[in-house]
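Report on the following structure.
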Amino acid sequence: MPELPEVETIAASLRRRIVGWKIDKIEVFLPKLLRKTDVAGLRKFKGKKIIGLRRRGKLLLIACENDLFLLFHLKMTGQFHWTIAGAARETHTHLRISFKGRRRELCYRDVRKFGFLRCLATPSPLDCEELRALGPEPLEMDGRRFPDLIGRRKGRLKSLLLNQSFLAGIGNIYADEILFESGLQPLTSASSLAGKDVRRLWNAIQKILMRAVAAGGSSIRDYKNADGLDGHFQFYHKVYGREGLPCSRCGSPIERLAIGGRSSFFCPRCQRKK
DNA sequence: GCCACTGTTAGCAT
DNA sequence: CATGCTAACAGTGG
């Protein structure tokens with residue numbers, strides 16, 4: 001489920017609570033949740049204090065003492081939630097972290113079981129394969145570099161925005177909203193863009209992602225932050241999930257196309273193909 | 001019951 | 001490299 005704004009919101013909601021807490025134990029109920037990690041690796045976290053949380057792309061990194069890190073990818077349906085020690089495990093809960101001297105326990109639940117946790121013991125966690133493969137952070141990169149970044153790319157804009165090695169963190173919802181905001185049709189090839197299109201695309205990326213983060217992300221189906229709260233950017237979607245409904249700008253019915261196996265929603269009038 | 005669909009992405013064929 | 005298909009998995013809605 002979660003794309004950049006949702007993971008950012010989850011990171012913030014977790015950070016508010018657990019920074020400074022000491023891990024007591026990490027229990028795993030679904031072995032395949034662990035990637036390149038075993039239970040012995042998890043034991044190293046016992047007694048370690050959590051010192052920070054950050055997001056990179058759609059990945060969440062929890063930093064602990066002694067160069068230890070927990071790297072989560074929530075994929076489609078991963079969620080964090082809190083329970084009280086001793087409470088029964090809720091369905092689809094695959095991991096539980098308890099903390100020294102705290103009654104609250106942090107649980108990870110994932111209906112479709114696509115997500116993973118990898119433990120890292122290194123002073124340079126950003127060098128792991130998962131993070132190295134990512135392109136720049138869209139909200140941190142210098143916009144003056146964007147024309148060069150996109151200039152060397154081919155292929156359709158929709159697929160390019162979903163490509164995590166191009167920019168990190170954009171998924172299906174925000175790709176569609178960004179393209180609507182830019183006035184660009186999803187099948188447009190990246191190499192056909194004029195300078196002003198590139199600027200519009202960059203501005204749309206900034207605007208949509210910043211607003212979505214400010215709104216706490218989009219709750220369509222499952223997404224909640226770690227405190228169980230919904231985001232509200234779904235109320236501002238202009239195209240995603242709106243097939244057949246009138247465009248908010250021109251009134252034309254929103255259309256849907258499958259591009260690379262993903263649904264793509266767009267306005268046929270406001271988003272003309274180049 | 002069957003089929004299509006879902007916020008992700010790795011792997012493999014073309 | 002780009003694109004397209006499949007699979008990982010479970011649930012929902014028509």
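Every chain is numbered from 1 and lettered A, B, ... according to where its sequence line falls, protein lines coming before strand lines.
Put simply, CG on D222(A) is 14 Å from P on dT6(B), counting in whole angstrom units. Atom pair F114(A):CZ and dA7(C):P shows a separation of 12 Å (rounding to whole Å applied). We find that CZ of R152(A) is positioned 12 Å from P of dC1(C), with the value rounded to whole Å. Spacing between atom CZ of R112(A) and atom P of dA10(B) amounts to 16 Å, rounded to whole angstrom units. Here the C1' atom of nucleotide dT12(C) and the NE2 atom of H92(A) are 13 Å apart, to the nearest Å. The separation between L60(A) atom CG and dT8(B) atom C1' is 16 Å, rounded to whole Å. Note: NZ (K113(A)) to C1' (dG11(C)) measures 12 Å, nearest angstrom. Across the protein-nucleic acid pair, F116(A) atom CZ and dG11(B) atom C1' stand 15 Å apart, rounded to whole Å.
As judged by a 4.0 angstrom heavy-atom cut-off over every strand, S263(A) is placed among residues touching the sugar-phosphate backbone only. Within 4.0 Å of R256(A), counting heavy atoms only, lie sugar-phosphate atoms of the nucleic acid but no base atom. Contacts of Q164(A) with the nucleic acid, taken as non-hydrogen atoms under 4.0 Å apart, involve only primed sugar atoms and P, OP1 or OP2. Using a 4.0 Å heavy-atom distance criterion, Y240(A) is classed as a sugar-phosphate-only contact. As judged by a 4.0 angstrom heavy-atom cut-off over every strand, R262(A) is placed among the base-contacting residues.
Looking only at atom types and distance, the side chain of Q79(A) has a donor-acceptor partner in the side chain of R109(A) under 3.5 Å away. Checking H232(A) against S219(A) by side-chain atom types alone, no donor-acceptor pair falls below 3.5 Å. S248(A) and K238(A) share no side-chain donor-acceptor pair at under 3.5 Å.
Checking dA10(B), dC9(C), dT9(B) against every side-chain atom of R35(A), the shortest atom distance belongs to dA10(B). For H73(A), counting side-chain heavy atoms from C-beta on, the closest listed nucleotide (dG4(C), dT8(B), dA8(C)) is dT8(B).
In summary, E181(A) and R211(A) do not engage in a salt bridge, as defined by a charged side-chain N under 4.0 Å from a carboxylate O.
Between F265(A) and Y240(A), the ring planes lie perpendicular to each other; the angle is over 60°, past the 30° to 60° tilted range. Using cut-offs of 30° and 60° for the angle between ring planes, the H237(A) and Y174(A) rings count as perpendicular. The aromatic rings of F72(A) and F80(A) lie perpendicular to each other, with more than 60° between the two planes, well past the 30° mark.
To the nearest whole angstrom, the two P atoms, one in dT9(B) and one in dG11(C), are 22 Å apart. Atom name C1', nucleotides dG1(B) and dA8(C): the rounded distance is 24 Å, in whole Å. Rounded to whole Å, the P atom of dT8(B) lies 23 Å from the corresponding atom of dC1(C).
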Return one dot-bracket line describing DNA chain C 5' to 3' (Watson-Crick or G-U wobble pairs, both distances under 3.5 Å; ( ) same strand, [ ] crossing, | another strand, . none). .|||||||.|||||

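Taking only side-chain nitrogens and oxygens, K75(A) never comes nearer than 4.0 Å to OP1 or OP2 of dA10(B). Contact annotation: K154(A) does not reach the phosphate of dC1(C) (side-chain N/O to OP1 or OP2, under 4.0 Å).
Cation-pi geometry between R35(A) and F116(A) is satisfied (NZ or CZ under 6.0 Å from the ring centre, within 45° of the ring normal).
Nearest-nucleotide assignment on DNA chain C puts the 5′-proximal partner with R153(A), out of G261(A) and R153(A).
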